[in-house]
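Here's the structure, in structure tokens; my notes come after.
All residue numbers in this chain count up from 1 along the given sequence. Just so you know, ligand 1 is whichever comes first in the structure, and atom 1 is the first atom listed for that ligand. Every heavy atom of this structure was used, including side-chain atoms; hydrogens, water molecules and symmetry mates were not.
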Amino acid sequence: MSVLSGKKVLLAVTAGIAAYKTAHLVRLFIKSGAEVKVIMTPASKDFITPLTLSTLSKNPVHSTFYEKDEENELWNNHVELGLWADIMLIAPATANTLSKMTNGTCDNLVLATYLSAKCPVYFAPAMDLDMYKHPSTKNSLEALQSFGNCMIPATSGELASGLVGEGRMAEPEDIVEFIEKDIASKLPLRGKKILITAGPTYEAIDPVRFIGNHSSGKMGFEIAKTAANLGAEVILISGPSFQKATHSLIHRVDVKSAEDMYQACHTYYAEVDVAILSAAVADYRPKNVANQKIKKKDTALTIELEPTKDILKSLGENKKHQLLVGFALETNNELENAKSKIERKNLDLIVLNSLRDKGAGFATDTNKITIIDADFNQKEFELKSKSEVSKDIINEIIHKLHA
Ligand code: CTP
């Protein structure tokens, strides 16, 4: 999955011949899963039509501060557009636009939006070779980068003038790759490896029956997705679950029983920076597993249970450099129980959810959590979707990693 997936990309087209390539650029962004809006300088419409870019981006394309239809005059709010975007890309960026951007000139929608944008801004210069070489252009390129904008350098090759030299806009594929790499290099969990357990465990009674629980795995899978989206390499050790993990940075390891999960966790533990144990592991398992299916009888059936290994505790005992995060699902004395778990299991953080809170716990799409650290500082969060909750958990972890 591309790091651009789900990102809002604002493409600003200015009046260079390379504008014809922006149709392909829009398609590439859409293919990477981004949402795209396009704005244009009035003169750029001579090089490519707004209709083309609007059709490809599936959004209206604006080039003026206001537009008239039969009934209304509509204001195209540059501030809103600038705030909407996660990324702004000016491509092609002509010498004229670069110079105006440098000086804060604001005489069209593209320039006003650029000045309003709070997101990272990329620009891909495109012009003839002598224009590109000109000291005033060089000044603009340097100044714009010193303002924090990111340049996607022009390349050398045949130019529209027939001359050969530097000034060609980078190819659309290269622009998208440049932005993807730049985003990936700045992700807060890049270079970190995180082990996550998720889902229930099944403890066999006989070849066809087991003791399990209602955990869906959703919370753990959401945490895995959030961590991977922020650049972490994730080892997701999952009990039986219908959840799907499609992110290329998630390596899924399927297990069944608590013992399988214990073994898998210890296989990977030494190499990870963080371990988050959100699985609902069975505390007991049948002492003897029948080889054959147990036949029905008229008398009561007693199954003797023995404790499973406490995975979280064993990781706490073997903790070296790792940040260890446990979960606690409680029904009473929530805070005391959670704090005692932090000490008993040598944790850095515990995520507490109470079954007394409506919408928290198993098999729901929401959760309400309190995060407590080893000094017993606690942070309570509102009831949220599990996807949002996973972001709160990962944010706390990032905070701790940088503390
Ligand atoms: N856990 C584990 N291995 C087990 C049982 C639990 O790793 N055999 C982990 C869970 O993934 C969770 C944490 O321990 O992160 C808390 O589990 P919980 O069952 O609430 O705690 P217990 O230690 O079993 O304590 P209690 O039953 O008293 O609540």
Side-chain angles (χ1 to χ4, degrees), residues 194-204 210-224 227 234-241 243 253-269 272 274-287 305-319 322-357 360-363 367-374 386 389-390 392-394 396-397 400:
I194 302 189
L195 181 158
I196 298 168
T197 67
T201 62
Y202 286 1
E203 310 302 326
F210 60 84
I211 298 173
N213 61 63
H214 291 299
S215 168
S216 62
K218 196 170 171 61
M219 192 66 252
F221 276 69
E222 288 292 352
I223 298 171
V234 176
I235 296 148
L236 175 59
I237 301 173
S238 174
S241 167
Q243 302 294 325
V253 179
D254 284 311
V255 295
K256 251 198 188 135
S257 65
E259 180 60 27
D260 298 342
M261 193 173 270
Y262 176 93
Q263 297 300 341
C265 285
H266 282 275
T267 301
Y268 293 102
Y269 190 48
V272 301
V274 181
I276 309 168
L277 272 66
S278 70
V281 186
D283 287 329
Y284 293 93
R285 65 180 183 188
K287 189 166 181 192
L305 301 178
E306 64 178 6
T308 56
K309 290 176 188 154
D310 189 323
I311 306 167
L312 185 57
K313 189 156 174 269
S314 71
L315 297 187
E317 285 161 1
N318 288 291
K319 193 161 84 175
Q322 296 90 344
L323 189 101
L324 187 56
V325 185
F327 268 67
L329 178 63
E330 305 289 345
T331 53
N332 57 318
N333 289 336
E334 291 88 345
L335 286 171
E336 291 89 290
N337 285 338
K339 287 177 184 171
S340 123
K341 261 173 214 174
I342 292 179
E343 283 177 335
R344 276 189 288 124
K345 303 194 186 191
N346 190 21
L347 308 182
D348 298 289
L349 291 174
I350 197 156
V351 181
L352 164 67
N353 37 123
S354 166
L355 276 186
R356 281 199 286 187
D357 286 321
F362 283 176
N367 208 353
K368 185 172 183 326
I369 60 160
T370 302
I371 300 181
I372 309 170
D373 71 11
K386 285 189 173 167
V389 169
S390 73
D392 291 335
I393 294 170
I394 291 293
E396 277 314 300
I397 289 171
K400 278 274 169 229

For [Y], is there any backbone N or O sitting under 3.5 Å from a side-chain donor or acceptor partner on [X]?
{"X": "Asn213", "Y": "Ala282", "result": "no"}
{"X": "Thr308", "Y": "Arg285", "result": "no"}
{"X": "Ser241", "Y": "Ser216", "result": "yes"}
{"X": "Asn346", "Y": "Gly316", "result": "yes"}

Quiz item: How many angstroms lie between OG in Ser278 and NZ in Lys218, if you round to the nearest 0.5 Å?
Solution: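 Rounded to the nearest 0.5 Å, the OG-NZ separation comes to 13.0 Å.
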
Quiz prompt | side-chain contact (heavy atoms from CB on, under 4.5 Å) involving Tyr269 - partner list, sequence neighbours excluded | solution =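 Counting only residues at least two positions away or on another chain, Tyr269 forms a side-chain contact (heavy atoms from CB on, under 4.5 Å) with Val272, Ala275, Leu315, Asn318, Lys319, Gln322, Leu324.
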
Quiz item: Can you name the residues that come within less than 4.0 Å of ligand 1, going by heavy atoms only?
Solution: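 Within 4.0 Å of ligand 1, protein side: Leu277, Ala279, Val281, Ala282, Asp283, Thr308, Lys309, Asp310, Ile311, Leu312, Gly326, Phe327, Leu329, Lys341, Lys345.
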
